[in-house]
Every structure is written in C-alpha cells, then in structure tokens.
Amino acid sequence: VQLQASGGGLVQTGGSLRLSCAPSTRTPRTSAMAWFRQAPGKEREFVAATRFSSGSLHYADSVKGRFTIARDNAENTLYLQMNNVKPEDTGVYYCALARTTPILSNLRNSGAYEYWGQGTLVTVSS
C-alpha cells in the first residue's frame, strides 16, 4: 500500500490548512489511520488518529480543539484540517496506516503502523 500525502505549505499564524492522504488501495474496515509530525531536530510525534471500525477520533493534547481528523470513505482519503495554526505546528506531516487497528494504548505509537506516506511540509510563519 502506498500513501500519498499532500496539502502542506506556508501559512501564517492563526491560519488554516488541510492535509490529504490517499492510499493506493481500499483500506479495510479493520484499519486505523493517523497523522504524525516531525519538527526540525525533534522526534516524530503523534498528532491524530481514527479507527475505522468504531469511527473514534484521537488527538494529541497540543492540537485538540484546533485540528480535525476525518476520513472520506467514498473517496478513500484521510484528511487533517488544521485551524488556528501556531509556529510550533511547523514540521513534516506524515500519514500512516495500520491494516489491523492497534489497541487503544498503542494507537499513538508510530511502531503500530505498517505503511507511511512520504510526508508533506507545513511551515507556520509568526
């Protein structure tokens, strides 16, 4: 499975951006997908995830209330709507897919996901 992420760019503080991630094949109902990000000089961190079977949504505390993860089943595409962005949101954003939903305690662990997109750069100017 290949994941194609897009939508990154330069945005001002307080602005909005929408990222997209399109898997090359249909994703089974047992899947979970997530967004992670990596800022310069820092480790990759969890941003948001959704489990397809339950439709549950999960967010890092740093983005809760500002970012929204959503999946369009008809288009087989995952989105990350980023609102009220801050300079600390700057980084390369990666989408990830687990064909078997990780247990809840492992959902934020990058090692739980088998497939990764190439990353899309988001730069927030102050």
Side-chain angles (χ1 to χ4, degrees):
V1 180
Q2 293 182 334
L3 304 179
Q4 182 66 44
S6 61
L10 177 64
V11 59
Q12 291 186 334
T13 297
S16 298
L17 208 59
R18 190 177 77 160
L19 307 183
S20 301
C21 177
S24 57
T25 63
R26 294 294 301 186
T27 48
R29 186 170 172 76
T30 57
S31 302
M33 291 191 73
W35 290 97
F36 289 77
R37 67 187 181 189
Q38 187 166 17
K42 295 188 176 181
E43 294 187 351
R44 190 173 299 187
E45 64 174 1
F46 170 80
V47 175
T50 178
R51 299 194 292 179
F52 292 3
S53 58
S54 65
S56 62
L57 309 176
H58 308 267
Y59 297 95
D61 288 343
S62 59
V63 306
K64 199 172 295 183
R66 300 188 298 120
F67 291 9
T68 301
I69 187 171
R71 173 178 173 258
D72 187 318
N73 187 45
E75 295 185 1
N76 196 40
T77 301
L78 181 75
Y79 297 100
L80 183 70
Q81 178 66 43
M82 306 168 61
N83 296 330
N84 190 25
V85 296
K86 304 175 181 180
E88 51 264 42
D89 295 322
T90 293
V92 178
Y93 283 69
Y94 299 90
C95 59
L97 166 68
R99 288 187 297 180
T100 301
T101 300
I103 60 175
L104 191 57
S105 61
N106 214 25
L107 198 63
R108 300 166 186 247
N109 182 357
S110 62
Y113 298 86
E114 308 104 285
Y115 302 99
W116 290 83
Q118 82 286 4
T120 184
L121 177 62
V122 173
T123 304
V124 182
S125 61
S126 56

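Every heavy atom of this structure was used, including side-chain atoms; hydrogens, water molecules and symmetry mates were not. Model, not experiment: these values are computed from the prediction.
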OG1 (Thr13) and NZ (Lys86) are apart, to the nearest 0.5 Å, by 10.0 Å

Return yes if some donor-acceptor pair links the side-chain N/O of Thr77 with the main-chain N/O of Glu75 below 3.5 Å, else return no.
yes

Are any side-chain N or O atoms of Arg71 and backbone N or O atoms of Leu78, one a donor and one an acceptor, separated by less than 3.5 Å?
no

Would you call the rings of Phe36 and Trp116 parallel, tilted or perpendicular, taking 30° and 60° as the class edges?
tilted

Backbone of Leu107 reached by a side-chain donor or acceptor of Tyr113 within 3.5 Å:
yes

Whether over 12 other heavy atoms sit under 6.0 Å from Glu114 CD
yes

Same cluster for Val92 and Val63 if Ile/Leu/Val/Met/Phe/Trp/Tyr side chains link at under 4.5 Å?
no

Side-chain H-bond candidate by donor/acceptor type, Tyr115 with Arg99, under 3.5 Å:
yes

Among residues at least two apart in sequence or on other chains, which ones pass ring-ring contact (aromatic ring centres under 6.0 Å, His included) with Phe67?
none

Heavy-atom nearest pair, Leu97 first then Ser31, reads CD1-CB, 3.8 Å

Enter the distance from Ser20:OG to Gln81:CD here, rounded to the nearest 0.5 Å.
9.5 Å

Please determine whether a side-chain nitrogen of the Lys or Arg among Asp61 and Lys64 lies less than 4.0 Å from a carboxylate oxygen of the Asp or Glu.
yes

CE/Met82 to OG1/Thr68 distance, rounded to the nearest 0.5 angstrom?
11.0 Å

Mind running side chain to side chain contact (heavy atoms under 4.5 Å, CB included) on Glu45 and Arg108 for me, showing each step along the way?
CA-CA 8 Å; Glu45 64 174 1; Arg108 300 166 186 247; over 6 Å; no

Spacing of CZ belonging to Arg37 relative to CD belonging to Glu88, to within rounding of 0.5 Å
8.0 Å

Above 12 or not: heavy atoms from other molecules or residues under 6.0 Å from CZ of Arg29?
no

Are Leu80 and Leu10 connected in the hydrophobic side-chain network, where two residues link if heavy atoms are under 4.5 Å apart?
no

With the side chain counted from C-beta on, respond yes when Met33 and Ile69 share a heavy-atom pair under 4.5 Å apart, and no when they do not.
no

Could you go through the side chain to side chain contact (heavy atoms under 4.5 Å, CB included) check for Asn83 and Ser16 one step at a time?
CA-CA 4 Å; Asn83 296 330; Ser16 298; 3.0 Å; yes

If hydrophobic clusters are built by linking Ile, Leu, Val, Met, Phe, Trp and Tyr wherever their side-chain heavy atoms come under 4.5 Å apart, do Leu121 and Val11 end up in the same one?
no

Given 3.5 Å as the limit, does a donor-acceptor pair link the side chain of Gln118 with the main chain of Ala5, or not?
yes

Within 45° of the ring axis of Tyr79 and under 6.0 Å from its six-membered ring centre, is that where the NZ or CZ of Arg18 lies?
yes

Between atom CG of Leu3 and atom OG1 of Thr25, what is the distance when rounded to the nearest 0.5 Å?
8.5 Å

Please confirm whether the backbone N or O of Val1 pairs with a side-chain atom of Ser24, one donor and one acceptor, at under 3.5 Å?
no

Where is the tightest heavy-atom contact between Gln12 and Val85, given as atom of each residue plus distance?
O-CG2, 3.5 Å

Given the rule that I, L, V, M, F, W and Y join up when any side-chain heavy atoms are under 4.5 Å apart, are Phe46 and Leu104 in one cluster?
yes

Gap between atom CG of Asn106 and atom OG1 of Thr101 - 0.5 Å precision
11.5 Å

Ignoring hydrogens, what is the shortest heavy-atom contact between Pro23 and Thr27? Give both atom names and the distance.
CG-CG2, 3.7 Å

